[in-house]
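To find a chain, count down the sequence lines: A is the first, B the second, and so on, and within it residues start at 1.
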Number of protein chains: 2
Amino acid sequence: MSSRGGSPTIVDVAREAGVSIKTVSRVLNHEPGVHESTREQVLKVVEALRYRPKQSARSLAGGRSFLIGLLYYDPSAAFVGSVQQGATLRCRELGYHLVVESLHNDAPDLRQQIDRMVLALRPDGMILTPPLCDNPEVLAALRDSGTPCVLMSPERDLPGVPSVRMDDVHAAEEITNVLLSLGHQRIAFIKGPPDQSASGMRYQGFVSALRAHGLTPDPDLIQPGDFTFASGRDAAHQLLSRRQRPTAVFASNDDMALGVLAAAQRLGLPVPAELSVVGFDDSPTAGLVWPPLTTVRQPMAAMARAAVEMLVAVQRPDMAGAPDDPELHKVLPHEIVVRDSTRAR
Amino acid sequence: MSSRGGSPTIVDVAREAGVSIKTVSRVLNHEPGVHESTREQVLKVVEALRYRPKQSARSLAGGRSFLIGLLYYDPSAAFVGSVQQGATLRCRELGYHLVVESLHNDAPDLRQQIDRMVLALRPDGMILTPPLCDNPEVLAALRDSGTPCVLMSPERDLPGVPSVRMDDVHAAEEITNVLLSLGHQRIAFIKGPPDQSASGMRYQGFVSALRAHGLTPDPDLIQPGDFTFASGRDAAHQLLSRRQRPTAVFASNDDMALGVLAAAQRLGLPVPAELSVVGFDDSPTAGLVWPPLTTVRQPMAAMARAAVEMLVAVQRPDMAGAPDDPELHKVLPHEIVVRDSTRAR
DNA sequence: CTGAAAGCGCTTACAG
DNA sequence: CTGAAAGCGCTTACAG
């Protein structure tokens, strides 16, 4: 006779299988030292009763919540979607669940909001996306609470704090090489805001690719930008009205590249016939404009999966995770996406 | 002396405040019948100890998880971001947390995936987005588990199941009126896929606005589409090569409108000078293309907030929610966003 | 290889 | 207006 009404508990399973609840617990948690026949019997009953252990009970007794938190600031940021998708799928595979929280990076009660979530939910780990992963207040709140964190593409790595990222410098080099191999020589570059480290790294990759081809960056072809559509459009207006126009533009993110496209169109300059354009990010929009943008795809979903794995691994005390562990800072491979905004000159 | 090590519990608060844990519980849950001075004393200690009740303990004892689930299929769908943002913010205000889960609408183990989440987490409510909110299997799994649901923009309303939506017919009428009032008479329409009810409603609004102006829809100017960029582009190629071109195109979603923009650009037809274009959705991309798109903004965040509120309200048994409650099916106001893709002819 | 006991930190009846 | 007791459904030591 199963418990009346509600869904089955571990007691129902134990009674039905003729074992103690401890044994059921062992089987469900893949603990060693259970006779094969016992295990099978338990699993059969679990199946028959459609039993699933209740998270709140496991959490209260065992101190693990099976919850991973994802903190983000700007929900419209292109990467949030992919990060979340990767994280939620990997969580499911590992028996975890993803709790999301949107936080203003400069909210006065940031600390309180984090404390509330952490103390109430006790997530087993937290994934931090930019710019929250570089916010000292956020980092401090999480450190104080003892919540394991993984930083996604932080400005700089912190000793002892796991992170996942891609290689911006190398990616910028590669996509510059795409342009160079198409015969472009006069390549303009639109920078990101100086306070973001990605800006510098992408510029560095651009310059390094140029130099490797025996070219020197032309200061006239370097324009400032701030990663917004408008700044890309304005920079392009400047660049495309030079006496000697560039034949290609490398906008250091997609939003600005979209701005370049808009400017070119307005000036009646056909892309890619008269001008090649590349971006960086592979935002959802990049493939939906005309012409579709050649760009760099950040391995966001893979990074998120890796982050979840690192967080779950931390749960097992055997994986101490020394502060100098090289595995603490992962760099994942990116992808160059060649579409129709680039052409040989 | 507080409990050594770990964070404070209700026992610590009770001891410190000189009351029983039951009284602390009363204060924290805003239960009536606590003397004002007692309440203040308790709150003072709560503040001093930075005490927050643990979700797992509350959930296990009280049967409420303070978790709301958000189920979605396509993470890149424009509306998911706004829905999630609205839901997560409202959850925070109400002391809840949002757990997200991405599900394939046609996964063979859909039922199992839902059962796993529901039985493990016991969310107090679930928000379903299209197309999951119209998936009989999903609906059945949730009904069987007794989890309260709110459907976001379902194809059709189900008796007794709460829903939130906007008025597609009316919105389509209004945006058609925008074109009509600009002097356009030859207005083309690109339909959505026949199996989505939004397609029919938007077309209906279009026709009704035309008729109200004494115009009859011209079959030559009605093209099929399927809500994809490609279908919009192809439909536009057809329309713009007619002997007598339309002066405006109403694409029944933004992705298709973006396709129209691409086609016009390719044909050298300047928008909005020679052709006005309107979409529907106000997707993130709509404002980032050139020219920025005139479109309809769905009140996604507001709908999500309303959904959370309905779910939280259900928790209180006093709100029975009769199957014929008119409040069960909410219709929220939309917004017409006029940008630069439309001009008087 | 298996189990009986205690306890995680709250809320729910039930008293007074 | 306030409290003592029981219990939610698991896991953690601890035995054997």
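- One interatomic measurement links the two molecules: CG of Leu28(B) to P of dT11(C), which rounds to 7 Å at whole-angstrom precision.
- Scanning all heavy atoms of the two residues, the minimum distance from Met117(A) to Gly69(A) falls at CE-CA, 4.1 Å.
- Distance check, rounded to the nearest 0.5 Å: CD of Glu16(A) to NZ of Lys44(A) gives 10.5 Å.
- The existence of a salt bridge linking Arg116(B) and Asp109(B) is excluded, since no basic side-chain nitrogen approaches an acidic carboxylate oxygen closer than 4.0 Å.
- For Ile10(B), the side-chain atoms get nearest to dT11(C) when compared with the rest of dT2(C), dG9(D), dT11(C).
- The stretch residues 114-121 of chain B has no heavy atom under 4.0 angstrom from DNA chain C at all.
- Straight-line distance from the NZ atom of Lys54(B) to the C1' atom of dG7(C): 12 Å, rounded to whole Å.
- With rounding to whole Å, His35(B) atom NE2 is found 13 Å from dG3(D) atom P.
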Salt bridge (Lys or Arg N to Asp or Glu O under 4.0 Å) assessment of Arg50(B) paired with Asp144(A)
CA-CA 13 Å; Arg50(B) 315 193 99 241; Asp144(A) 293 353; over 6 Å; no
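- Counting to the nearest Å, the C1' atom of dG7(C) and the CG atom of Leu60(A) are 9 Å from each other.
- Contact annotation: the side chain of Leu28(A) never approaches that of Ser25(A) to less than 4.5 Å [non-hydrogen atoms, C-beta and beyond].
- Between Gln41(B) atom CD and dT2(D) atom P there is a gap of 11 Å when expressed in whole angstrom units.
- Mapping Ser56(A) and Gly33(B) onto DNA chain D by nearest heavy atom places Gly33(B) closer to the 5' end of the strand.
- Between Gln55(B) and Tyr96(B), the side chains place no donor N or O within less than 3.5 Å of an acceptor N or O (distance only, hydrogens not considered).
- In this entry the distance linking CD of Gln55(B) with P of dT11(C) reads 12 Å, nearest Å.
- One atom, CD of Glu31(B), and another, P of dG3(D), lie 14 Å apart when rounded to the nearest Å.
- Within residues 17-27 of chain B, the residues having any heavy atom under 4.0 Å from DNA chain C are, by residue number, Ile21(B), Lys22(B), Ser25(B).
- In this entry the distance linking CZ of Arg64(A) with P of dG9(D) reads 21 Å, nearest Å.
- Salt bridge present: Glu93(B) and Arg90(B) bring a charged side-chain N and a carboxylate O closer than 4.0 Å.
- In terms of modelled atom types and a separation under 3.5 Å, the side chain of Ser163(A) and the main chain of His329(A) share no donor-acceptor contact.
- The main-chain N or O of Leu142(A) is found under 3.5 Å from a side-chain atom of Ser145(A) such that the two form a donor-acceptor pair.
- Using a 4.5 Å heavy-atom cutoff, the side chains of His97(B) and Phe66(B) are not in contact.
- At the phosphate of dC10(C), neither OP1 nor OP2 sits under 4.0 Å from any side-chain N or O atom of Ser59(B).
- In the set dG9(D), dT12(C), dT2(D), the nucleotide with an atom closest to the side chain of Thr9(A) is dG9(D).
- For the pair Asp157(A) and Arg165(A), the salt-bridge criterion is met [side-chain N within less than 4.0 Å of a carboxylate O].
- With salt bridges taken as basic N to acidic carboxylate O contacts below 4.0 Å, none links Asp115(A) and Arg52(B).
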Secondary-structure string, 5' to 3', Watson-Crick or G-U under 3.5 Å, | for another-strand partners, for DNA chain C:
|||.||||||||.|||
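- For the pair Pro32(B) and Arg122(B), nearest-nucleotide mapping onto DNA chain D gives the more 5' position to Pro32(B).
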